[in-house]
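Comments concern the structure below.
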Amino acid sequence: MAMWIQAQQLQGEALHQMQALYGQHFPIEVRHYLAQWIECQLWDSVELDNPVEEAKAKHLLDNLVSELQRKAQLQGGEDGFLLKIKLGHYANQLKSTYDRCPLELVRCIKHILHSEQRLVQEATNASSGGGGQAMDSLSQRHQQINQSFEELRLATQETENELRKLQHSQEYFIIQYQENMRIQAQLSSLSTLPPAERTQRETALQSKRTTVETWLTREASTLQKYRLDLSEQHQKTLALLRKQQTLILDEELIQWKRRQQLSGNGGPHEGGLDVLQSWCEKLADLIWQNRQQIRRCEHLTQQLPLPGPMEELLSKLNSDITDIISALVTSTFIIEKQPPQVLKTQTKFAATVRLLVGGKLNVHMNPPQVKAVIVSEQQAKALLKNESTHSESSGEILNNNCVMEYHQATGTLSAHFRNMSLKRIKRSDRRGAESVTEEKFTVLFESQFSVGGNELVFHVKTLSLPVVVIVHGSQDNNATATVLWDNAFAEPGRVPFIVPDKVMWPQLCEALDMKYKAEMHSGRGLSEDNMVFLAQKAFTSSSNNPEDFRNVSISWAQFNRESLPGRNFTFWQWFDGVVELMKKHLKPHWNDGAILGFVNKQQAQDMLLSKPNGTFLLRFSDSEIGGITIAWVAENPNKQGERLVWNLLPYTTKDFSIRSLADRISDLNHLLFLYPDRPKDEVFAKYYTPPLSKAVDGYVKPQIKQVVPEFTTPKSEPSGGTPSFMDQTASPPVSHPSSFGVYPSMSDTMLDAEGDFDLEDTMDVARHVEELLRRPMANQWSSQQS
């Protein structure tokens with residue numbers, strides 16, 4: 001209810017905008033009396049483009065109607081009688097309006113709540129004068145745009161008043177002109193009268209005619225001046241309209257599209273489209289009013305031709321205003337929801353296109369159809385040059401036609417492509433070392449419709465962000481690299497889809513940080529030390545000084561075409577492997593600050609040797625994609641008094657799908673403190689898997705535990721039998737029946753030459769034990785006896 005309380009405090013234009021959100025589609029009384037209930041519902045959890053969500057939307061509609069009916073029943077007394085009737089009427093009205101399309105109700109309420117939140121936020125920022133320089137700049141721009149709209153409104157109203165005056169003056173002129181023609185006719189008919197009477201009347205008529213003609217001559221000059229003045233005023237208004245349209249389309253809309261592109265790399269959601277639509281609708285309204293005024297001027301000129309340049313002036317004005325509205329309509333046909341930029345063939349995908357001025361220009365009265373086709377980079381270039389590419393495409397998209405729908409609640413005209421699928425793709429010849437995952441396509445959306453009763457016909461088209469087409473999941477990694485580079489470094493107004501081959505290292509760091517924070521859903525991104533680590537990896541450098549990399553450029557080849565020295569993977573493939581591992585299994589630990597990650601082996605050794613034995617840290621593997629290792633400091637078991645830093649062979653996604661990181665750390669009793677000095681249970685205990693329950697129906701559920709043989713202390717079993725492999729792995733070799741083949745010989749050390757432990761054997765044995773214990777006992781014994 002807090003939002004509604006704040007919304008009621010709005011004033012002026014903000015209050016007017018808030019009131020305009022409501023109407024028959026959703027009465028403001030419903031918002032007022034159910035404010036708390038409405039704000040407590042999870043409207044944003046409903047995906048409007050997913051038909052499966054209709055049941056959830058229907059449930060919300062039914063609950064809303066029930067709440068309204070309950071509220072109506074609670075009204076009593078003389079004052080509550082009318083309210084009771086009104087709320088009951090609204091309940092029935094909403095039920096009948098949205099029962100067949102409950103998702104539209106959700107769309108309506110989401111639009112209302114988001115708009116209220118924006119208006120309240122803008123009002124708060126304006127009153128406090130805070131919000132930072134960026135918010136101040138945004139508010140100033142919005143204020144400038146709103147002031148310009150007020151100027152345009154006044155200018156348009158003034159020309160309307162002047163046009164009416166001109167029309168009245170011209171109508172009176174025509175009446176006087178007709179009077180002059182009547183006098184002329186009377187003079188011509190005097191020849192039939194007697195001479196004396198004729199002379200008398202002729203003198204009077206001649207005097208009257210002279211007076212009228214003098215007036216007509218003077219008034220004709222005045223009318224011509226009125227027309228020229230009005231044309232001049234229209235020229236000034238058109239100049240203001242062009243300036244305002246340039247500000248909205250070439251700055252605000254372009255910035256929105258840029259934010260939309262960066263959101264593909266994990267940047268903040270673009271937002272603000274409803275504000276842009278309101279501006280574009282105001283523009284459309286003002287342009288159309290001025291166009292109608294100019295048409296009326298043309299009609300007046302045709303009705304009463306006068307010598308002068310008016311015909312040419314009006315023709316020029318008409319042409320100019322038509323160009324302005326054409327630019328507005330074609331520029332506001334946009335992609336609200338982009339198709340996926342890594343597009344796999346034979347896979348369902350969605351997209352939404354929207355015409356921002358569709359509702360204002362009544363395009364929905366004859367809903368246009370939108371068609372989607374996939375085109376190559378070369379075909380996209382030809383399209384922007386207005387070269388004919390009719391019916392040309394580079395593939396086949398199923399379900400690629402959609403009719404635009406008008407949503408009265410939000411005033412939006414859009415087409416929702418929900419079930420498109422790329423059936424096949426036609427690739428072009430690749431250049432040099434370019435791979436298929438570097439080839440860019442785009443989805444072209446196009447439509448045709450008329451405005452003003454077929455007075456103006458528009459053919460509109462818009463291109464999606466670049467799309468990389470893949471046929472197998474293994475190509476996703478490299479395709480994502482192409483998309484990230486393009487989204488981060490594309491210049492506004494570029495020729496499709498040119499990007500720089502080299503960028504400055506800090507620019508790439510910004511893009512990587514944006515991607516990393518988005519995948520982690522965290523404000524904890526990449527620190528300066530992390531960036532230095534990445535620079536060392538990218539440039540094979542040993543410098544620890546961030547300044548050494550400020551003015552260094554990195555090429556696309558260094559980013560994702562050439563393998564890192566001594567490795568069979570690129571810089572991006574390594575980084576993306578880290579992101580995937582963290583996103584799937586280790587996100588909470590990163591957000592807790594438990595994972596340092598971007599630390600090399602030598603740095604880990606220097607850090608740990610200054611700490612007590614049992615101190616450990618987590619760092620990403622240098623040698624394996626998507627690997628993370630535990631490094632810890634401990635005594636050398638083979639040389640008393642010597643301390644060493646040990647490194648486990650890296651864990652990967654496969655390992656964590658078997659046992660979590662927290663449980664693995666819990667298993668290793670020699671790990672005591674997370675670097676620098678935090679007890680491990682304090683950090684990881686909340687993520688430990690709870691102990692297994694007791695046996696049920698005589699069955700005991702097996703459990704996998706991790707051990708490091710050289711750092712495991714033997715434990716005696718209560719039965720006095722042989723220690724379990726899971727609890728003790730440093731015991732002498734033990735022979736076992738060959739038919740089971742569970743335990744490998746422990747005579748060989750599990751340390752590698754560099755002090756790394758190989759857990760593959762350990763985990764293989766553990767998996768084998770689990771598999772064995774899952775088998776029916778009868779099968780095990782029969783296997784042994786055979």
Side-chain angles (χ1 to χ4, degrees), residues 145-146 148-160 163 230-254 256-257 273-299 301 311-335 353-368 370 384 386 404 406 411-415 445-462:
I145 289 171
N146 289 329
S148 296
F149 272 126
E150 182 61 18
E151 289 178 30
L152 281 164
R153 186 189 68 80
L154 293 174
T156 302
Q157 185 61 52
E158 186 178 347
T159 50
E160 176 65 27
L163 179 57
L230 187 56
S231 295
E232 190 176 329
Q233 284 180 277
H234 274 130
Q235 286 175 337
K236 290 178 180 178
T237 303
L238 262 58
L240 285 174
L241 282 170
R242 278 200 193 91
K243 183 180 177 182
Q244 183 80 328
Q245 183 159 296
T246 299
L247 182 62
I248 292 171
L249 299 184
D250 294 352
E251 292 187 31
E252 297 295 328
L253 184 57
I254 293 298
W256 180 87
K257 289 182 177 181
L273 196 54
D274 290 335
V275 176
L276 273 170
Q277 174 162 318
S278 71
W279 289 341
C280 292
E281 287 180 335
K282 285 181 181 178
L283 266 176
D285 195 27
L286 288 164
I287 293 168
W288 198 257
Q289 286 183 48
N290 279 274
R291 186 173 187 274
Q292 294 302 100
Q293 289 180 14
I294 292 168
R295 296 290 299 276
R296 283 159 59 195
C297 286
E298 286 183 320
H299 176 71
T301 303
E311 192 173 334
E312 292 79 6
L313 281 174
L314 288 171
S315 177
K316 178 71 165 57
L317 284 171
N318 196 12
S319 174
D320 289 347
I321 198 79
T322 302
D323 289 344
I324 292 173
I325 197 168
S326 296
L328 178 65
V329 172
T330 54
S331 298
T332 54
F333 182 64
I334 63 169
I335 302 173
V353 293
R354 180 165 162 182
L355 182 61
L356 298 181
V357 295
K360 180 59 67 174
L361 296 178
N362 292 322
V363 176
H364 58 283
M365 301 304 289
N366 185 18
V370 183
L384 293 189
N386 289 321
M404 299 194 87
Y406 181 66
T412 58
L413 182 69
S414 54
F445 296 92
E446 53 186 342
S447 182
Q448 184 170 309
F449 52 84
S450 61
V451 172
N454 295 325
E455 189 179 330
L456 296 173
V457 178
F458 296 104
H459 180 210
V460 294
K461 55 193 175 186
T462 186

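Under a 3.5 Å cut-off, the side chain of N290 and the backbone N or O of L286 do form a donor-acceptor pair. Without hydrogens or angle criteria, T301 side chain to C297 main chain gives a donor-acceptor distance under 3.5 Å.
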Step by step, would you call L253 with K257 a side chain to side chain contact (heavy atoms under 4.5 Å, CB included)? CA-CA 6 Å; L253 184 57; K257 289 182 177 181; 4.2 Å; yes
Test side chain to side chain contact (heavy atoms under 4.5 Å, CB included) on R291 and N318; report intermediate values, then the result. CA-CA 7 Å; R291 186 173 187 274; N318 196 12; 4.3 Å; yes
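The minimum heavy-atom distance between P368 and Q448, with the atom names listed, is CB-O, 3.7 Å. Contact detail for T237 and A155: the closest heavy-atom pair is OG1-CB, 3.9 Å. When all heavy atoms of C280 and L328 are compared, the pair lying nearest together is O-CD2, 3.9 Å. The heavy-atom pair separating L355 from V329 by the smallest distance is CD1-O, 3.7 Å.
The pair K236-E158 fails the salt-bridge criterion, with no side-chain N (NZ, NE, NH1 or NH2) lying under 4.0 Å from an Asp/Glu carboxylate O. Here K243 does not pair with E151 in a salt bridge; the nearest charged N to carboxylate O distance is not below 4.0 Å.
Heavy atoms from other residues, nucleotides or ligands lying under 6.0 Å from CD of Q235 number more than 12.
Rounded to the nearest 0.5 Å, atoms CD1 (I321) and CH2 (W288) are 10.0 Å apart. Annotation: the span from I254 atom CD1 to T246 atom OG1 amounts to 11.5 Å, rounded to 0.5 Å. Taking CD of E455 as the start and OG1 of T322 as the end, the distance is 8.0 Å to the nearest 0.5 Å. Here the straight-line distance linking atom CD of Q233 with atom CG of L238 works out to 12.5 Å at 0.5 Å rounding. A distance of 9.5 Å separates CG in D274 from CD in E281, rounded to the nearest 0.5 Å. Between atom CG of residue L313 and atom CD of residue E298 there is a gap of 11.0 Å, rounded to the nearest 0.5 Å.
L273 has its side chain within reach of I334: a pair of non-hydrogen atoms, C-beta onward, lies under 4.5 Å apart. Looking only at side-chain heavy atoms (C-beta outward), F149 and D285 stay at 4.5 Å or farther from each other. In this structure, the side chains of L249 and T332 come closer than 4.5 Å at one or more pairs of heavy atoms. Here the side chains of Q245 and S331 are not in contact, with every heavy-atom distance at 4.5 Å or above. By the 4.5 Å heavy-atom criterion applied to side chains, K282 and I145 are not counted as neighbours. Within the 4.5 Å cutoff, side-chain heavy atoms of V363 are placed close to those of V451. P367 is not listed as a side-chain neighbour of L413, based on a closest heavy-atom distance of 4.5 Å or more.
Applying the ring pair (Phe, Tyr, Trp, His ring centres under 6.0 Å) rule to F458 yields no partners; only residues at least two apart in sequence or on another chain are considered. With sequence neighbours left out, the side-chain contact (heavy atoms from CB on, under 4.5 Å) criterion links T462 to F333, I335, F445.
Among pairs with a residue in residues 315-331, those fulfilling salt bridge (Lys or Arg N to Asp or Glu O under 4.0 Å) read R242-D320, K316-D320, at least two apart in sequence or across chains.
A donor-acceptor contact closer than 3.5 angstrom links the side chains of Q293 and T159.
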